[in-house]
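Note sheet for the following structure.
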Amino acid sequence: MDGIADMGGTPGWGPVHPPRADEPVFAEPWQGRATALAILAGRLAGRNLDAFRHAVERLDRAAYLDQGYFGRWLNAAELMLVEGGVLAPGEIDARARDLRDRPVEAPPEPARPDAPAPAWPAGPGSLRTIEAAPAFAVGQRVRTRNISPPGHTRLPRYARGHTGVVEVVQPAAVFPDTHAHFQGEHPQYVYSVRFDSHELWGEDADSFAVTAELFEDYLEAGS
C-alpha cells in the first residue's frame, strides 16, 4: 500500500538526523504511556505487529504528520480499537468532550466480531525455520519487483523495480504482507540487498550505497 508512511527516499523532507547516544527513549513521560497504550490496544483488538503498522500507514495526513511520532501510535491504536469492535467510531471524541464539560451523545456500543482475529504469531518472535533453500545467494544480482499491492507491504516505493546485489541471506521470517491481514505467516527468507544510489535516484544523485532488508517475494533474478 502506497500510504503516507512510505516516505523513505522521497525528496523534500530534509535530512534524517540519527538519534544521539545520550538521547532518552522517551523525551516526555506521555510518550511512554502512548507506547504502552498502543501495545495494549493491539492485544485488545486482536491485532498483531504488522496489522499495527498497516493501521499507521492508513492514517490521514493530519493524524500522521501533525501529532508527531507517538501521536501516530495513539491514532493507530484508536483505529485498531474501532476496527476490532472494542470502541465505537467517535467514542473517544465523545469522552473527550465529556471531560471538557461539552458532552455529546455517546455512540452506540459497537458490534463485536463473532470470532476475534488471530492476533499473535504461531511462535515467539518473527523468525521461522523453513525447509526450502533460499532462492538467491550472496553476491547474486537481484531486481525488486515493481509492484504496488493494495494492502500492507514492507517493500518501499523508492526501491521498486531496481537492481541490487545480495549481501547477506537472513533467516526466514513471518511475511508482513499476509500477516497484517491475518492471511497466514508464510515465512520466507529475508535478504540484505545493496543498491547503488545512482540506480535508485539517477545519475545526478550523490554517491553512496543503500542496504535494504527485503523478503524473497519482493525479488526476482537480476541481469
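Here the structure is a predicted model, which is why all the values come from computation and not from measurement.
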Minimum heavy-atom separation for [X] and [Y], please, with both atom names.
{"X": "Phe182", "Y": "Ala51", "value": "CZ-CB, 4.1 Å"}
{"X": "Leu59", "Y": "Ala76", "value": "CD2-N, 4.1 Å"}
{"X": "Phe195", "Y": "Ala212", "value": "CE1-CB, 4.1 Å"}
{"X": "Pro107", "Y": "Gly90", "value": "CG-C, 4.1 Å"}
{"X": "Gln140", "Y": "Ala135", "value": "OE1-O, 4.2 Å"}
{"X": "Pro171", "Y": "Leu127", "value": "CB-CD2, 4.3 Å"}

| said: Could you walk me through whether Ile92 and Leu87 satisfy the side-chain contact (heavy atoms from CB on, under 4.5 Å) test, starting with their C-alpha distance in whole Å, then the side-chain angles of each, then the deciding distance to 0.1 Å, before giving a yes or no? | reply: CA-CA 8 Å; Ile92 290 181; Leu87 293 177; 3.7 Å; yes
Kindly compute the distance separating [atom1] ([X]) from [atom2] ([Y]), expressed to the nearest 0.5 Å.
{"X": "Leu74", "Y": "Tyr69", "atom1": "CG", "atom2": "OH", "value": "12.0 Å"}
{"X": "His54", "Y": "Asn48", "atom1": "NE2", "atom2": "CG", "value": "11.0 Å"}
{"X": "Leu44", "Y": "Leu81", "atom1": "CG", "atom2": "CG", "value": "6.5 Å"}
{"X": "Phe70", "Y": "Gln67", "atom1": "CZ", "atom2": "CD", "value": "14.0 Å"}
{"X": "Asp177", "Y": "Leu155", "atom1": "CG", "atom2": "CG", "value": "8.0 Å"}
{"X": "Tyr191", "Y": "Glu213", "atom1": "OH", "atom2": "CD", "value": "12.5 Å"}

| Looking at His186 versus His179, is the centre-to-centre ring distance below 6.0 Å? |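 No, ring centres 6.0 Å or more apart.
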| Is it true that Tyr218 and Phe175 have ring centroids separated by less than 6.0 Å? |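 Judged by ring-centre distance (under 6.0 Å), Tyr218 and Phe175 do meet the cut-off.
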Count I, L, V, M, F, W, Y as connected when their side-chain heavy atoms are under 4.5 Å apart, and connections chain through other members. Are [X] and [Y] then in the same cluster?
{"X": "Val166", "Y": "Val210", "result": "yes"}
{"X": "Tyr158", "Y": "Phe215", "result": "yes"}
{"X": "Ile130", "Y": "Leu219", "result": "yes"}
{"X": "Ile147", "Y": "Leu214", "result": "yes"}
{"X": "Trp73", "Y": "Leu79", "result": "no"}

Please answer whether the main-chain N or O of [Y] pairs with a side-chain N or O of [X] as donor and acceptor at a distance below 3.5 Å.
{"X": "Thr144", "Y": "His162", "answer": "yes"}
{"X": "Arg72", "Y": "Tyr64", "answer": "yes"}
{"X": "Gln188", "Y": "Asp217", "answer": "yes"}
{"X": "Gln31", "Y": "Ala27", "answer": "yes"}

For atom [atom1] of [X], decide whether the heavy atoms of other residues, nucleotides or ligands shown that lie under 6.0 angstrom number more than 12.
{"X": "Asp206", "atom1": "CG", "answer": "no"}
{"X": "Arg145", "atom1": "CZ", "answer": "no"}
{"X": "Asp22", "atom1": "CG", "answer": "yes"}

| Stepwise salt bridge (Lys or Arg N to Asp or Glu O under 4.0 Å) test for Arg160 and Asp2 | CA-CA 12 Å; Arg160 295 173 190 168; Asp2 296 336; 2.7 Å; yes
Less than 4.5 Å apart, side chain to side chain, heavy atoms only: is that true for [X] and [Y]?
{"X": "Arg47", "Y": "Phe52", "result": "no"}
{"X": "Arg141", "Y": "Ser223", "result": "no"}
{"X": "Ile4", "Y": "Leu65", "result": "yes"}
{"X": "Glu216", "Y": "Val190", "result": "no"}
{"X": "Glu185", "Y": "Thr178", "result": "no"}

| field | Audit row: Val169, Val138, side-chain contact (heavy atoms from CB on, under 4.5 Å) steps and yes/no | value | CA-CA 7 Å; Val169 179; Val138 172; 4.1 Å; yes
May I ask you to say whether [X] pairs ionically with [Y], meaning some side-chain N is under 4.0 Å from a carboxylate O?
{"X": "Arg154", "Y": "Asp50", "value": "no"}
{"X": "Glu83", "Y": "Arg58", "value": "yes"}
{"X": "Arg53", "Y": "Glu57", "value": "no"}

Please tabulate, for side-chain N and O atoms in residues 96-104, each donor-acceptor pair with protein atoms closer than 3.5 Å (sequence neighbours left out).
| residue | atom | partner | partner atom | Å |
| --- | --- | --- | --- | --- |
| Arg97 | NE | Asp93 | OD2 | 3.1 |

| query | For Thr163 and Arg143, what are the C-alpha separation, side-chain angles and deciding distance, and is it a side-chain hydrogen bond (donor to acceptor under 3.5 Å, both in side chains)? | reply | CA-CA 4 Å; Thr163 300; Arg143 187 173 182 84; 3.1 Å; yes
| task | Any chance you could lay out the side-chain hydrogen bond (donor to acceptor under 3.5 Å, both in side chains) test for Gln170 and Ser192, step after step, and finish with the verdict? | result | CA-CA 7 Å; Gln170 306 282 2; Ser192 301; 2.8 Å; yes
| Residue pair His198, Ser207: steps toward the side-chain contact (heavy atoms from CB on, under 4.5 Å) verdict | CA-CA 7 Å; His198 303 289; Ser207 296; 2.9 Å; yes
| request: For side-chain contact (heavy atoms from CB on, under 4.5 Å), just list the numbers for Glu220 and Val142, CA-CA rounded to whole Å, side-chain angles, deciding distance to a tenth of an Å, and then say yes or no. | output: CA-CA 6 Å; Glu220 55 192 12; Val142 292; over 6 Å; no
